[in-house]
Amino acid sequence: MCLAVPGRILEAEEYDGSRIAKVQFGGITRPVLLNFVPEAQVGDYVVVHVGFAISRLDAAEAERTFQLLEEMGLLEGELAGSEGPP
Amino acid sequence: MKYIDEYRDEHLVQALAAQIARKITRSWSLMEICGGQTHTIMRYGLDELLPEGIRLVHGPGCPVCVTPLETVDQAIAIASLPGVTFVSYGDMLRVPGTSLDLLRVKADGGDVRMVYSPMEALKLARARPDRKVVFFGIGFETTAPANAMAVWQARRENLDHFSMLASHVLVPPAIRLLLGGPHNQVQGFIAPGHVCTIMGYRQYEAISRDFHVPIVVGGFEPVDLLEAVFMLVAQLEEGRAEVENQYVRSVSYEGNLPAQRLVESVFEVSDRKWRGMGVIPQSGLRLREEFAAYDAERVFPASHLTVAEPPECISADVLQGLKRPTECPVFGGRCTPENPMGALMVSAEGACAAYYRYRRHSAQSAKQKGAA
Ligand code: SF4
């Protein structure tokens, strides 16, 4: 019910005061209202819940967190290696 | 798919679990509030991956599951009226009322429809001015803006035959109730990332301070949840109790302001009954007076009866993290997703349904072992 999934905006157009986007989720596309994320542009990833985009995913933040996590993963690999049998 | 696959990376998941194991010096009980997170934890077996000291407790975070029986009965009564087209999110159709569910109403000839978005209910209303179109508006803070938009739009277009049966709940008052309860064992919370996408996380700072409990806003993929657990464990081990944000790619401190503004103009905060938990003060949203004409509760006044839950159902304890679904005497026997006795078995996000789907067999073999 609270399921919200990320998708990529393929195109967006104005209709009766609202912006409606065509958003791609994996293999399928769906219409999504952009009323709550007026800053979202074509090419952006948005989190979509019951037909509305509720946030624009912050690529820079995601990148930064991910790098941290990967470093942690690499470190863990080394540690695991050093603890394992020779 | 970007923003999904990398957050399911197995190597990273294992690495995070190992980091957590290295960090803990004693055992900790953590609660995730949101049913979507419960679902991920069960589906990927994260609970089994974590070191033994970490106990994950599943909170009341499924709006379908906490919608009170009275409201379900009210929905069924409205849906059964002649001239009414009743529109709902799919999960809600199978929730058992006192004697039947919405699907039964449909099978008996009622006009009951399932939609994916509230805007589809509005579309139906535009197409059928001859019907009274009633939308079952349930949800947490995540769904409130979308439901508010439907009502707002209906008034703008003068769709007077459209109304909403609103059953909206808010997360922070429920967390307060759980933490203040005499049996509380929860020492850290994973706050629901999509609720916070809308609301930000300002409200959680006071909770963290008042109860001296760490809270981490978490996302919904395996890597998100393990990172959130890691952040909580780090705080607990270091004696800190702060609000931190793991789900930075979607959640900001302030949240989504345009969405908050719309919710504010359509709804007002009110007391609300939660299934299995009773009335929690200031824990719900109802339509404001200016939208009375679109409020199904006022359009179709029903006598408010209090109804009892089936006696076997221990959902009250499950919702508060006091018992696991497998401790229910009818779990997997008389209560299954095909024949749910309680709401927790209906929605995929309900704790009982998640256990049934992913843990039924391990529960059975444990029972057999115990019997042997
Ligand atoms: S298994 Fe069914 S009856 Fe038991 S607590 Fe869960 S929903 Fe209620």
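Proteins get letters first, then strands, A, B, ... in listed order; numbering begins at 1 in each. Because the structure is a prediction, the values reported are computed rather than measured.
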By a 4.5 Å heavy-atom criterion (distance strictly below it), what part of A/Q24 contacts chain B: side chain, backbone, both, or neither? backbone

Pairing residues for B/Y3 by the ring-ring contact (aromatic ring centres under 6.0 Å, His included) criterion, not counting sequence neighbours: A/Y45

Is there side-chain contact between B/Y89 and B/I138, with at least one heavy-atom pair below 4.5 Å? yes

Need one label for B/L262: side chain, backbone, both or neither, based on atoms under 4.5 Å from any heavy atom in chain A. side chain

List the steps, then state whether side-chain contact (heavy atoms from CB on, under 4.5 Å) holds for B/T67 with B/V95. CA-CA 9 Å; B/T67 301; B/V95 175; over 6 Å; no

Heavy-atom distances under 4.5 Å only: say whether A/R64 touches chain B with side chain, backbone, both or neither. neither

Who in residues 11-19 of chain A is close to chain B, using a strict under-4.5 Å heavy-atom cut-off? A/D16

Flag the pair B/Y201 / B/Y253 as yes when their ring centroid distance falls below 6.0 Å, and as no otherwise. yes

Can the ring centroids of B/F220 and B/H194 be said to lie less than 6.0 angstrom from one another? yes

Quick one: what part of B/Q153 sits under 4.5 Å from any heavy atom of chain A, side chain, backbone, both or neither? side chain

Side chain from CB out, backbone as N, CA, C, O: work out which of these in B/V251 comes under 4.5 Å of a heavy atom of chain A, or both, or neither. neither

A/R30 and A/V23, any side-chain heavy atoms less than 4.5 Å apart: no

Best-contacting candidate, B/S252, B/P192, B/G193, B/P145, against chain A by heavy atom pairs under 4.5 angstrom: B/P145

Considering only heavy atoms, which portion of B/E6 lies under 4.5 Å from any heavy atom of chain A: side chain, backbone, both, or neither? both

Under a 4.5 Å heavy-atom cut-off, does chain A meet the side chain of B/M149, its backbone, both or neither? side chain

Does B/R156 make a cation-pi contact with B/W152 (under 6.0 Å, within 45 degrees of the axis)? no

Among B/V115, B/D9, B/V13, B/T197, which has the most heavy-atom pairs under 4.5 Å with chain A? B/T197

Using non-hydrogen atoms only, which part of A/A59 is less than 4.5 Å away from chain B: side chain, backbone, both, or neither? both

First locate atom CD of B/Q14, then atom CG of B/L226, and finally report the distance between them rounded to the nearest 0.5 Å. 9.5 Å

Compute the ring centroids of B/F140 and B/H168, then answer whether they are less than 6.0 Å apart. no

Heavy-atom side-chain proximity of B/P68 to B/S167 below 4.5 angstrom: yes

Heavy-atom proximity to chain B below 4.5 Å, by part of A/V48: side chain

Considering only NZ, NE, NH1 and NH2 on the basic side and carboxylate oxygens on the acidic side, decide whether B/R249 and A/D58 come within less than 4.0 Å. no

